[in-house]
Each structure stands twice: as structure tokens, then as C-alpha cells.
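Here is the naming used below: chain letters follow the sequence lines, and residue numbers restart at 1 for every chain.
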Number of protein chains: 2
Amino acid sequence: MPRRGRVKKEGPESGEDSDEYRKRRDRNNLAVKRSRVKSKQKTQETVNRVNELRNENTVLEEKVKTLTKELGFLKELFLAHASNNVDASKYEGINLQKLLADDSSASTSNDKNPGTT
Amino acid sequence: MPRRGRVKKEGPESGEDSDEYRKRRDRNNLAVKRSRVKSKQKTQETVNRVNELRNENTVLEEKVKTLTKELGFLKELFLAHASNNVDASKYEGINLQKLLADDSSASTSNDKNPGTT
DNA sequence: CGAAATTGCGCAATAG
DNA sequence: GCTATTGCGCAATTTC
């Protein structure tokens with residue numbers, strides 16, 4: 001789509017005289033203005049969206065940090081306790097190794113429910 | 001055919017002859033091009049940034065979800081175990097209530113789990 | 001003050 | 001056939 005600049009054509013390329021021509025030009029100029037306003041709005045919205053997302057991101061990162069910390073602590077606690085009383089057999093089907101691993105990718109897919117009460 | 005609103009009158013505002021004038025015009029046209037390319041690049045980068053942030057966000061949300069799940073499970077586990085052996089006294093100064101609360105904001109009730117059984 | 005950069009605006013081609 | 005979009009040039013203004 002080669003967009004030529006002003007071609008010095010004098011002929012009736014797209015308009016005939018000054019009557020209909022002017023009207024068309026004016027209408028197009030209005031359309032151009034509308035389009036540009038729209039374009040700017042869109043750009044601004046995109047910029048705003050970046051800021052929103054950055055904020056959400058910060059919140060989420062803090063949340064991850066907090067949760068990771070808590071989880072780490074609880075794991076230590078649990079392991080320390082379990083080392084004293086090795087009765088983890090109660091939690092037979094549970095993937096403790098997986099859950100207690102430092103990694104954070106446990107699915108907790110246990111069907112069996114350890115008798116709670 | 002109207003030539004750019006500017007008629008034959010010499011405009012001492014910005015041009016003088018056809019010599020220096022043309023050079024100035026050409027240089028400005030180049031500058032305009034540069035500026036517009038730059039502007040478009042910036043816009044595009046902003047759009048890209050939105051996509052990047054959206055992806056990061058999704059990842060973080062999943063992470064939060066996983067961590068929350070793990071944490072909830074571990075808390076249940078810990079509480080179930082602690083109800084059998086009330087030796088939480090080993091962790092004297094620790095805010096277990098706070099940590100073990102389902103939420104990350106515990107009330108100011110500092111009761112020591114009197115062991116109902 | 002001087003040159004480049006940015007901006008508003010209109011034109012024309014063309015996409016939809 | 002009309003509006004919307006876009007590259008381009010001009011000129012005013014801004015920025016450096």
C-alpha cells in the first residue's frame with residue numbers, strides 16, 4: 001500500500017469541481033479528526049492498562065512472597081515435629097514428600113481422607 | 001486546486017526564497033518522518049508491554065492459587081497433628097494462631113488451644 | 001538565536 | 001459510494 005504524497009496531478013482524479021469536492025473534503029477532514037481522536041484515546045488506554053497491570057503485578061508478587069514465606073515456615077515446623085513423632089503413617093496416601101519439598105508444585109491429589117475427628 | 005491553504009502570497013512567516021526554504025522543508029520532512037516512526041515504535045512497545053504483563057500476571061495468579069492451596073492443606077495437617085500432641089509449647093514465641101488462620105490477618109485473640117480432647 | 005523534534009491540520013490513496 | 005484509516009507534506013510550536 002504505497003501511500004503517495006501529494007502528486008502534482010491537476011486532473012479530475014477524484015473530484016470534479018469545487019462544489020462536490022469541497023463537501024467531500026470537509027467530510028473527510030472530519031473523519032480524519034474523529035479517527036485521530038479515537039487513536040489517541042486507544043493509545044492512552046493502553047498506557048493506562050500498563051500501569052494497572054504493573055500495580056496488580058506488584059500486589060501479586062508480594063502475595064507470592066508472603067505465601068512462600070509462610071509455607072516455608074510451616075513446612076519446617078511440620079518436619080521438625082514429624083521427626084519427633086514419626087506417626088506420619090496416619091497420612092498414608094498423601095504426598096508429603098512432594099508437598100514438603102521446597103518446590104511449589106503440589107497438586108494435592110489425595111482421595112483418601114485421614115480420619116479427622 | 002487549492003495548494004495547501006497557502007496561496008501565492010509570500011509568507012514571511014517561515015519561508016523566504018525557494019533555496020533555503022526547500023532545504024529547510026526537506027529537513028523538516030525528514031525530522032517528521034523520524035518522529036513518527038519513533039512514536040509508532042513507542043506505541044507498539046506499549047502494546048507489547050501490556051501482553052508481557054498480562055502473561056506475568058497469569059503466571060503469578062496461578063502461583064498464588066497453588067501456594068494458597070498448599071498452605072491450606074499444610075495448615076490442616078498441622079492442626080490435626082497438633083491436636084493429638086499438644087507440644088506446641090516448643091514454639092513458644094511463634095504466632096501460630098496468626099500463621100494458621102485461614103486468612104493472613106488473624107484477630108487479636110491469643111488463646112492457646114486448650115486441647116478439647 | 002538555530003536546528004531538530006513534536007504537533008495540529010489538511011490532502012489523497014485506499015481499506016473496509 | 002461513504003466513512004475510517006494512514007502516509008505524507010506544510011507550518012507553527014516546542015524542545016534542546
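Between B/Arg27 and B/Arg34, the shortest heavy-atom distance links the atoms O-NH2, 4.2 Å.
Residues from residues 41-51 of chain A lying near DNA chain C, meaning a heavy-atom separation below 4.0 Å, are absent. Using a 4.0 Å cut-off on heavy atoms, the residues of residues 28-39 of chain B that approach DNA chain C are B/Asn28, B/Ala31, B/Val32, B/Arg34, B/Ser35, B/Arg36, B/Lys38, listed by number.
Among pairs with a residue in residues 49-61 of chain B, those fulfilling salt bridge (charged side-chain N to carboxylate O under 4.0 Å, His left out) read B/Arg49-B/Glu52, at least two apart in sequence or across chains.
Every residue two or more places apart in sequence or in another chain that forms a side-chain contact (heavy atoms from CB on, under 4.5 Å) with A/Thr58 is listed here: A/Glu62.
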Check against salt bridge (charged side-chain N to carboxylate O under 4.0 Å, His left out), B/Arg22 and B/Asp26: CA-CA 6 Å; B/Arg22 194 64 252 158; B/Asp26 288 346; 3.1 Å; yes

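When rounded to the nearest whole Å, the span between CZ of A/Arg22 and C1' of C/dA12 equals 12 Å. Across the protein-nucleic acid pair, A/Arg24 atom CZ and D/dA4 atom C1' stand 16 Å apart, rounded to whole Å.
At C/dA3, none of the side-chain N or O atoms of B/Arg25 fall inside 4.0 Å of OP1 or OP2 (strictly under the cut-off). Distances shown here put every side-chain N or O of B/Tyr21 at or beyond 4.0 Å from the OP1 or OP2 atom of D/dG9. Contact check, B/Arg27 against C/dA4: a side-chain N or O comes under 4.0 Å of OP1 or OP2.
The closest side-chain donor-acceptor pair between A/Arg25 and A/Asn29 falls under 3.5 angstrom.
Hydrophobic clustering places A/Leu67 together with A/Phe73 (ILVMFWY residues linked when any side-chain heavy atoms are closer than 4.5 Å, directly or through intermediates). Residues B/Val64 and B/Leu74 share a hydrophobic cluster, clusters being chains of Ile/Leu/Val/Met/Phe/Trp/Tyr side chains in contact below 4.5 Å.
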Review item, nucleotides 14-16 of chain D N/O atoms under 3.5 Å of protein N/O:
none

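Taken from OG1 in A/Thr68 to NZ in A/Lys75, the straight-line distance is 8.5 Å, to the nearest 0.5 Å. To the nearest 0.5 Å, atom NZ of residue A/Lys65 and atom CG of residue A/Leu60 are 14.5 Å apart.
Within 4.0 Å (heavy atoms only), A/Lys40 reaches sugar-phosphate atoms of the nucleic acid but no base atom.
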Enumerate, atom names and distances included, each donor-acceptor pair closer than 3.5 Å involving a side-chain atom of residues 36-47 of chain B, sequence neighbours excluded.
unit_1  : atom_1 : unit_2  : atom_2 : d
B/Thr43 : OG1    : B/Ser39 : O      : 3.2
B/Gln44 : NE2    : B/Asn48 : OD1    : 3.2
B/Thr46 : OG1    : B/Lys42 : O      : 2.9

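A/Val32 has its side chain within reach of A/Asn28: a pair of non-hydrogen atoms, C-beta onward, lies under 4.5 Å apart.
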